[in-house]
Amino acid sequence: MARERLGVGPGADGHALRAAFREAAKRCHPDRGGDPLAFREVMEAYRVLREEPLEPVAWGLAPIPPTAPVRLVIEISPDAAVLGGEAVVDAPGGRRLKIQLPPGLRPGDRVRAGQDAFEVTIRGDAAIVRGDDLWITVKVDPAVLTDGGRLSVATPRGERTVWVSRKAAARALVRLPGEGLPERDSRRQGDLFVRLAAGAARAESPARVLLRQFAAAWAA
């Protein structure tokens, strides 16, 4: 009866309810020549509808129409892809969820938080993920690109000492088997590829200078 008096349906929200009340009150206000009894009925109807309890809202339970798909995405770092860990994501309805990430996630994998499923994307500045493998670019002394040598490389699992052969130096690429993404489900254990880029030349040590001078004197 109250809804009929104001002319609103069951799904009307607070904004629609107030607008309908103002319109109905204008039509029957006594100061505008309206019926005092009808005005009191409008006031009473508005009071009743305002005091109705709100229906509970359940997020994530209603089926999503195929014409309006919702794609939930979680972006993680290459370190998290290798080691796993925790992540906080925004979910429908203004919720914030904490997700436990297993080690070995690949792009396109899905992780669940309650009834929500998030598609994994991986992005990093120092490292990138390609399939099962991890790729890192390291700046080295230009001499390493010709003679080879020893490097210290920061990886998600910690510092690694890398020996660069002359063959690897010529390719400017070193492969560390088994140091990529860990094995997970049907995916293999990945490798770590270290790309070598020329950086600033290091000053020669006194011992190396003496060795070079000795070699030049011997050759003469």
Side-chain angles (χ1 to χ4, degrees), residues 8-18 52-140 151-162 171-197 199:
V8 295
D13 58 12
H15 178 75
L17 187 62
R18 286 191 297 273
E52 280 188 351
L54 296 175
E55 295 182 3
V57 178
W59 290 102
L61 299 181
I64 301 173
T67 55
V70 176
R71 180 172 175 258
L72 302 177
V73 176
I74 177 173
E75 182 177 288
I76 66 174
S77 67
D79 285 12
V82 173
L83 303 174
E86 286 186 346
V88 176
V89 295
D90 294 322
R95 295 170 297 152
R96 303 208 78 190
L97 305 176
K98 183 181 289 186
I99 297 179
Q100 189 67 38
L101 303 174
L105 287 172
R106 270 72 169 175
D109 284 352
R110 289 180 175 247
V111 292
R112 298 197 66 87
Q115 298 193 23
D116 299 308
F118 293 81
E119 183 177 331
V120 173
T121 63
I122 303 174
R123 176 180 295 182
D125 296 326
I128 61 174
V129 171
R130 289 182 176 174
D132 304 315
D133 303 322
L134 187 66
W135 289 69
I136 297 175
T137 299
V138 177
K139 288 187 178 295
V140 300
L151 300 177
S152 181
V153 179
T155 77
R157 296 183 176 89
E159 292 284 333
R160 292 288 188 270
T161 298
V162 178
R171 296 196 308 264
L173 184 66
V174 180
R175 176 188 174 194
L176 302 181
E179 291 288 331
L181 270 64
E183 181 180 354
R184 182 169 180 269
D185 297 332
S186 61
R187 304 299 293 267
R188 68 171 180 86
Q189 178 79 33
D191 299 330
L192 172 62
F193 290 86
V194 181
R195 281 188 294 222
L196 309 177

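The two residues S152 and E159 make their nearest non-hydrogen contact at OG-OE1, 2.7 Å. Across all non-hydrogen atoms, the minimal contact from Q189 to E183 is OE1-N, 3.2 Å. Minimum heavy-atom separation, A81 to I122: CB-CD1, 3.7 Å. The nearest pair of heavy atoms linking D116 to A91 is OD2-CB, 3.9 Å.
Annotation: side chain of L83 is in contact with side chain of R157 (closest heavy-atom distance under 4.5 Å). With contacts defined as side-chain heavy-atom distances shorter than 4.5 Å, the pair L134/P78 qualifies. With a 4.5 Å cut-off on side-chain heavy atoms, I99 and V89 count as touching. Considering only heavy atoms from C-beta on, V194 stays 4.5 Å or farther from R160 through its side chain. Residues T161 and V153 form no side-chain contact, since every pair of their non-hydrogen atoms from C-beta on lies 4.5 Å or further apart. Taking the side chain as every heavy atom from C-beta outward, D191 and L176 never approach each other to under 4.5 Å.
For E179 (side chain) and L192 (main-chain N/O), no donor-acceptor pair under 3.5 Å exists by modelled atom type.
Residues satisfying the ring-ring contact (aromatic ring centres under 6.0 Å, His included) criterion with F193, sequence neighbours excluded, are W135.
D125 contributes atom CG, which lies 9.0 Å from atom CZ of R123 (distance to the nearest 0.5 angstrom). Here the CD1 atom belonging to I74 is positioned 5.0 Å from the CG atom belonging to L101, to the nearest 0.5 angstrom. A distance of 7.5 Å separates OG1 in T121 from CD1 in I76, rounded to the nearest 0.5 Å. In this structure, CG in D133 is found 8.0 Å from CG in L181, a value given to the nearest 0.5 Å.
Salt-bridge check for D90 with R95: failed, with every basic side-chain N at 4.0 Å or more from each acidic carboxylate O.
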Exercise answer: donor-acceptor pairs, residues 105-113 side-chain atoms, under 3.5 Å, sequence neighbours excluded:
unit_1 : atom_1 : unit_2 : atom_2 : d
R106   : NE     : D132   : OD1    : 3.0
R106   : NH1    : G104   : O      : 2.7
R106   : NH1    : P182   : O      : 2.8
R106   : NH2    : D132   : OD1    : 3.2
R106   : NH2    : P182   : O      : 3.3
R106   : NH2    : R188   : O      : 2.8
D109   : OD2    : R106   : N      : 2.9
D109   : OD2    : R184   : NH1    : 3.1
R112   : NH2    : Q115   : O      : 3.2

